[in-house]
Chemist: 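Let me give you the structure first, and then I'll get to my questions.
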Amino acid sequence: MNSPTSPMCLLSVINLLMLFLSGKANDVFLSFNHQEIGKHFADHLYKDLNYAGIRTFGDDGGIYTGQKSDIKRAIQESRISVVVFSKDYASSTKCLDQLVLIIDARKTTGLFVLPVFYNVNPSEVRKQKGLFEEAFAKHEKSFHKEMARVESWRAALKEAADLKGKEWKQDRYESKFIESIVKEIADKLNFSLPHAPPSSLPLSAALRPPSYFLGLLREWRRSVFQTPSLFLFFLSF
């Protein structure tokens, strides 16, 4: 066991402080086609990320019911975006608009983008083949007066598909695949994952990963600095 002053413990503290000082409100922004995979794969991924203490915005976070400006802010305030490309991803204009914002944030804020290819080949996404080609044929008819928007969707898909990602195929267990995604994200964030299996019961404090408490700390920081009276109170000391 590491002592409180061991190098490993000190490194963990430094990592937590760096995350806290980064000012990012979210760890992960999750983009996916809710109608297609929202009730199975994406839901399981969302729950496992949050169980690991990785603060994730998905449909359950309510962010997608907001205005476009709210979605843009949520993306810019995230450290990582996981984009789950499924067969019908491109049929959703909401997903495509999100993807354009994600790729833009990658260039402007340094957002790390992890594409996940769920039962779809990366080349289908990159070249817009198969169901992606069919979706764009419909988009070009529906948005024939907004072709610049359609082209921005195409460019975002190509750029995202060119990034190093993770690919799932039907001969692989979903649970193991999701576990590998969570681990990669945790490693990127320097988070420690809990060793206990997920449970419907609340985790005891002893089983909470350090990132869980970091989330509480960030919530406290946001409440202080976004509430003028509280902010002035702390300045008075």
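Hydrogens, waters and symmetry mates are skipped; everything else that's a heavy atom, side chains included, is used.
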Chemist: Measure from the side-chain N and O atoms of S78 to the backbone N and O of D27, and report whether any donor-acceptor pair falls under 3.5 Å.
Modeler: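 Side chain of S78 to backbone of D27, a donor-acceptor pair under 3.5 Å: no, none is there.
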Chemist: When you measure from the centre of the six-membered ring of F112, is the NZ or CZ of R106 under 6.0 Å away and within 45° of the axis?
Modeler: no
Chemist: Answer with yes or no whether the hydrophobic clustering places L131 together with L96; edges join I, L, V, M, F, W, Y residues whose side-chain heavy atoms lie under 4.5 Å apart.
Modeler: no
Chemist: Do T109 and Q76 pass the side chain to side chain donor-acceptor pair (under 3.5 Å) test, and can you show the C-alpha distance, the side-chain angles, and the key distance before you say yes or no?
Modeler: CA-CA 7 Å; T109 69; Q76 292 176 336; over 6 Å; no
Chemist: Can you tell if the side chain of E159 reaches within under 4.5 Å of the side chain of K107, non-hydrogen atoms only?
Modeler: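 SC-SC contact between E159 and K107 confirmed.
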Chemist: List the atom of R126, the atom of D162, and the distance in Å for their closest heavy-atom pair.
Modeler: NE-OD1, 2.7 Å
Chemist: Under 6.0 Å between ring centres, would you say that holds for F117 and F85?
Modeler: yes
Chemist: Do Y173 and I178 have side chains that get closer than 4.5 Å, going by heavy atoms?
Modeler: no
Chemist: State, to 0.1 Å, how close F57 and Y46 come at their nearest heavy-atom pair, and which atoms those are.
Modeler: C-CE1, 4.1 Å
Chemist: Specify whether H34 and F32 have parallel, tilted or perpendicular ring planes, treating 30° as the upper limit for parallel and 60° as the lower limit for perpendicular.
Modeler: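 The arrangement is tilted - the two ring planes meet at 30° to 60°.
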Chemist: Please round to the nearest 0.5 Å and tell me the distance separating atom NZ of K72 and atom CD of E77.
Modeler: 12.5 Å
Chemist: Are the side chain of N26 and the backbone of A74 linked by a donor-acceptor contact shorter than 3.5 Å?
Modeler: yes
Chemist: Say whether N121 and S123, considering side chains only, have a donor N or O and an acceptor N or O under 3.5 Å apart.
Modeler: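 S123 and N121 do have a side-chain donor-acceptor pair below 3.5 Å.
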Chemist: As an exercise, state the distance from CD of Q128 to CG of L157, rounded to the nearest 0.5 Å.
Modeler: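 So the gap between those two atoms works out to 5.0 Å.
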Chemist: Give me the atom names and distance for the closest heavy-atom approach of A160 to L99.
Modeler: CB-CD1, 4.1 Å
Chemist: Find the distance between CG (L189) and CD (E184) and round it off to the nearest 0.5 Å.
Modeler: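 Answer rounded to 0.5 Å: 11.0 Å.
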Chemist: Spell out, as yes or no, whether a donor-acceptor pair under 3.5 Å connects the side chain of H44 to the backbone of H40.
Modeler: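 Pair found, side chain donor or acceptor close to backbone of H40.
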Chemist: Could you check if a side-chain atom of R149 sits within less than 4.5 angstrom of a side-chain atom of D97, using non-hydrogen atoms only?
Modeler: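 A side-chain contact exists here, since the closest heavy-atom pair is under 4.5 Å.
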Chemist: Answer yes or no: are there more than 12 heavy-atom neighbours, outside K188 itself, under 6.0 Å from its atom NZ?
Modeler: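 Counting neighbours around NZ of K188, 12 or fewer heavy atoms of other residues, nucleotides or ligands fall under 6.0 Å, so no.
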Chemist: Hey, what do you get for CD1 (I54) to CG (N50), rounding to the nearest 0.5 Å?
Modeler: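 If we round to the nearest 0.5 Å, I54:CD1 and N50:CG are 8.5 Å apart.
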Chemist: Find out whether Q98 and I71 are in side-chain contact, i.e. whether some heavy atom of one side chain is under 4.5 Å from a heavy atom of the other.
Modeler: yes
Chemist: For a quick test of reading the model, state the closest non-hydrogen atom pair linking S31 to I102 and the distance between them.
Modeler: CB-CD1, 3.9 Å
Chemist: Just how far is it from atom CZ of F136 to atom CD of E151, taken to the nearest 0.5 Å?
Modeler: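 F136 atom CZ to E151 atom CD measures 8.5 Å (nearest 0.5 Å).
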Chemist: When rounded to the nearest 0.5 angstrom, what is the spacing between CG in N119 and CD in E124?
Modeler: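 That separation rounds to 9.0 Å.
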Chemist: Please find the pair of heavy atoms, one from A42 and one from G38, that lie closest to each other, and give the distance.
Modeler: CB-CA, 4.2 Å
Chemist: Side-chain contact test, heavy atoms from C-beta onward, threshold under 4.5 Å: evaluate it for S91 versus N33 and give yes or no.
Modeler: yes
Chemist: Restricting to non-hydrogen atoms, name the atom on S180 and the atom on R172 that form the minimum distance, rounded to 0.1 Å.
Modeler: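 In this case the closest contact between S180 and R172 is OG-NH2, 3.7 Å.
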Chemist: Can you spot which of V125, V83, V84 makes a side-chain contact (heavy atoms from CB on, under 4.5 Å) with Y89?
Modeler: V83
Chemist: Is the gap between the ring centers of F143 and W153 under 6.0 Å?
Modeler: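 Yes; W153 has its ring centre under 6.0 Å from that of F143.
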Chemist: Does any part of the side chain of H139, heavy atoms only, come nearer than 4.5 Å to the side chain of T93, both counted from C-beta?
Modeler: yes
Chemist: Please evaluate residues L114 and I181 with respect to the criterion side chain to side chain contact (heavy atoms under 4.5 Å, CB included), reporting the C-alpha separation (whole Å), side-chain torsions for both, the decisive distance (0.1 Å), and the verdict.
Modeler: CA-CA 9 Å; L114 177 66; I181 296 172; 4.3 Å; yes
Chemist: How about F132 and K87: do any of their side-chain heavy atoms sit closer than 4.5 Å?
Modeler: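 Sidechains of K87 and F132: no contact.
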Chemist: How about F41 and Y118: are their ring centroids closer than 6.0 Å?
Modeler: yes
Chemist: Contact between R55 and V28 at the side-chain level, heavy atoms closer than 4.5 Å - yes or no?
Modeler: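 They are not in contact (no side-chain heavy atoms under 4.5 Å apart), so the answer is no.
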